[in-house]
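Just below is one structure, and these are the notes that go with it.
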Amino acid sequence: MDTHHNAPLAFVLDEARARYAQARPRARDVHEAACHHLPGGNTRTVLYHGPFPLRAERGEGAYLFDTDGHRYLNLLGEYTAGLFGHSHPAIMAALTRAQAIGMNLGAHNLAEAELARLVTQRFRVMERVRFTNSGTEANLMAVATCRHVTGRDKVMVFDGGYHGGLLYFGGGGIPINAPYAYVVAPYNDTEGTRALIEAHRDDLACILVEPMLGSTGCIPAQPGFLAALREGASAIGAKLIFDEVMTSRFAAHGSAVDVGSAVGAGDDTPSEALGGGALAGVAPDMMTLGKWVGGGMSFGAYGGAADVMAIYDPSREGAMPHAGTFNNNIFSMTAGAVALRDIFTPHVAADLHARGERLRAAINAIFADRGIAMCASGVGSLINVHAVAGPVTTPRDLANSIDEAKELLFLDLLERGYYIARRGFIALSMVITDDEIDGFLEALSQVVDARRAALPHGRR
Ligand code: PLP
């Protein structure tokens with residue numbers, strides 16, 4: 001491989017940033033004003049990018065409109081929570097119904113019972129489920145549950161794992177993580193992980209893992225890796241938690257043909273084979289959810305075997321309290337039920353999965369045909385573009401990724417009306433049509449052709 005940094009990259013990136021800034025004077029003003037009240041004008045780190053962040057005014061269907069009159073096809077899909085686009089009619093109707101029911105009921109309501117029925121029916125590992133307000137909270141609760149029921153204290157996580165603002169293990173972990181005793185294992189390194197499980201066999205409470213590393217770049221678990229975690233956890237009496245906050249949208253099996261037959265073409269039978277763990281044929285002890293499962297509202301959920309979750313049964317002597325003013329808020333519960341029951345049926349999930357597989361293959365073909373040392377990884381509708389030739393199977397494979405090349409792509413795509421994450425992440429939403437995907441691929445081809453000299457070269 002003859003990958004090399006191209007001299008013009010820094011130059012063209014400066015020029016692209018300047019063009020971005022010049023075309024968005026209002027966004028700059030709003031940002032400068034916000035900096036007086038929010039640190040760096042920001043309350044959600046992942047959205048920040050220089051020279052100042054894109055400022056959304058509104059969204060409609062698959063499109064985002066910024067404060068300076070630009071329209072973008074939204075391929076970021078709210079980091080997977082925006083599965084239904086910005087204004088899906090069934091979600092809008094659900095929210096209107098919720099409004100009519102009344103906010104802040106402060107009582108058990110009908111919607112939470114229905115959503116729990118639907119969640120446990122689709123994700124069979126969750127015999128019983130509890131709702132939270134975010135994926136972060138769901139993971140914190142799942143870990144706390146496992147530590148309590150095992151009476152052990154250590155928590156195995158993976159380098160590059162992201163489970164929320166207080167559970168981030170990029171570069172080994174951040175100083176503000178929840179203060180548990182972590183054992184940080186190497187993702188997709190089965191032997192290395194086995195050895196660590198063995199070394200901590202007496203005090204490991206749980207293994208918390210994403211079936212595909214999402215935030216660190218859509219790096220799927222290699223065949224056999226999740227099964228080895230299952231085996232290792234069972235052997236030492238630890239619990240296995242799958243964080244499926246992102247991967248719960250995956251349909252059964254890897255290919256379009258298999259997916260279609262797995263859920264029965266034209267048949268919306270609820271399938272336990274949804275989610276990244278199911279994709280690998282491995283069942284965890286506990287599972288966490290978030291994002292789309294709340295229909296686009298604030299949401300999280302954790303669950304597992306009925307006997308484990310029974311510790312939260314308030315009718316029992318010595319029950320563990322689990323609080324949360326908004327756990328059963330009527331908007332999340334109502335929108336989530338509609339999302340699961342009426343919109344994102346297993347068959348729709350299978351279709352989106354297949355469309356994502358095609359999109360990822362087409363992006364890779366654009367890079368490969370032009371000899372550009374970039375690639376796209378992922379599973380189904382979740383894709384990450386990297387500025388390395390690939391393949392990308394562990395976070396270490398991204399050590400030489402050229403961040404500026406991804407920024408250039410991001411800025412150039414914005415200019416052509418396509419919004420992806422600055423880090424190269426794409427979460428295809430179900431409202432994006434095949435024609436719109438073709439338009440995106442055409443725009444990407446144009447960008448790569450125009451910036452050929454500035455992008456890294458080389459073949460696998
Ligand atoms: N777990 C995974 C795998 C995620 O990708 C995220 C969010 O991106 C979370 C947990 C945290 O969810 P939330 O942002 O709702 O707290």
Side-chain angles (χ1 to χ4, degrees), residues 42-48 76-83 119 123 126 129-144 155 157-170 173-174 176-178 180 182 187 206-221 226 229 240-250 274-280 284 286-303 324 326-327 329 331-332 335-336 339 377-384 395 420-429:
N42 176 275
T43 187
R44 188 175 167 199
T45 304
V46 72
L47 297 179
Y48 186 81
L76 173 50
E78 181 54 310
Y79 290 87
T80 75
L83 181 58
V119 166
F123 304 103
M126 297 174 133
V129 63
R130 279 242 161 190
F131 297 127
T132 64
N133 295 284
S134 68
T136 305
E137 206 186 329
N139 283 314
L140 288 169
M141 288 306 304
V143 166
V155 179
V157 291
F158 292 86
D159 189 23
Y162 180 74
H163 308 284
L166 301 170
L167 291 165
Y168 176 43
F169 301 95
I174 56 171
I176 60 165
N177 273 338
Y180 289 131
Y182 298 107
Y187 197 78
C206 57
I207 301 174
L208 174 62
V209 66
E210 294 167 84
M212 175 190 79
L213 287 180
S215 297
T216 291
C218 291
I219 304 175
L226 298 177
L229 299 185
L240 180 61
I241 309 170
F242 282 173
D243 174 351
E244 301 246 22
V245 168
M246 274 199 180
T247 53
S248 57
R249 63 162 53 192
F250 294 163
L274 279 169
L279 204 71
M286 295 195 78
M287 188 170 169
T288 59
L289 300 171
K291 311 254 191 205
W292 72 271
V293 183
M297 303 293 106
S298 306
F299 182 76
Y302 67 102
F326 295 107
N327 285 355
N329 81 80
F331 289 102
S332 303
S377 65
V379 175
S381 55
L382 304 184
I383 297 168
N384 210 114
I420 68 171
R422 155 74 181 76
R423 68 169 188 241
F425 181 66
I426 292 171
L428 195 59
S429 72

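This is a predicted model, so every value here is computed, not measured. Note that ligands are numbered from 1 as they come in the structure, with each ligand's atoms numbered from 1 the same way.
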Handout entry: Close side-chain approach of M287 to V129, heavy-atom, < 4.5 Å
Key = no

Completion exercise
Looking only at protein heavy atoms, what sits closest to atom 9 (C) of ligand 1 is V245 CG1, 3.8 Å

Handout entry: Interatomic spacing from CD in E78 to CH2 in W292 - rounded to 0.5 Å
Key = 16.0 Å

Problem - Closest approach of G295 to A339 (non-hydrogen atoms, all atoms of both residues) - result: CA-CB, 3.9 Å

Completion exercise
Quick note on ligand 1: atoms under 4.0 Å from a heavy atom of N139 include exactly 1 (N), 10 (C)

Fill in the blank from the handout: Quick note on ligand 1: atoms under 4.0 Å from a heavy atom of E210 include exactly 3 (C)

Practice task
Quick one: sort the Y168 and Y162 rings into parallel, tilted or perpendicular, breaks at 30° and 60°.
Solution key: perpendicular

Exercise for the section: Check if Y79 has a non-hydrogen atom at a distance under 4.0 Å from any atom of ligand 1. Expected result: no

Problem - Contact partition for D243 relative to ligand 1, non-hydrogen atoms under 4.0 Å - result: side chain

Practice task
Please confirm whether T136 comes within less than 3.5 Å of ligand 1 when only nitrogen or oxygen atoms on both sides are compared.
Solution key: yes

Problem - Distance filter under 4.0 Å to M246 heavy atoms, resulting ligand 1 atoms - result: 5 (O)

Exercise for the section: Give the residue and atom name of whichever protein heavy atom lies nearest to atom 13 (P) of ligand 1, and the separation in Å to one decimal. Expected result: G135 N, 3.4 Å

Completion exercise
So the atoms of ligand 1 within less than 4.0 Å of a heavy atom of K291 turn out to be 6 (C), 7 (C), 8 (O)

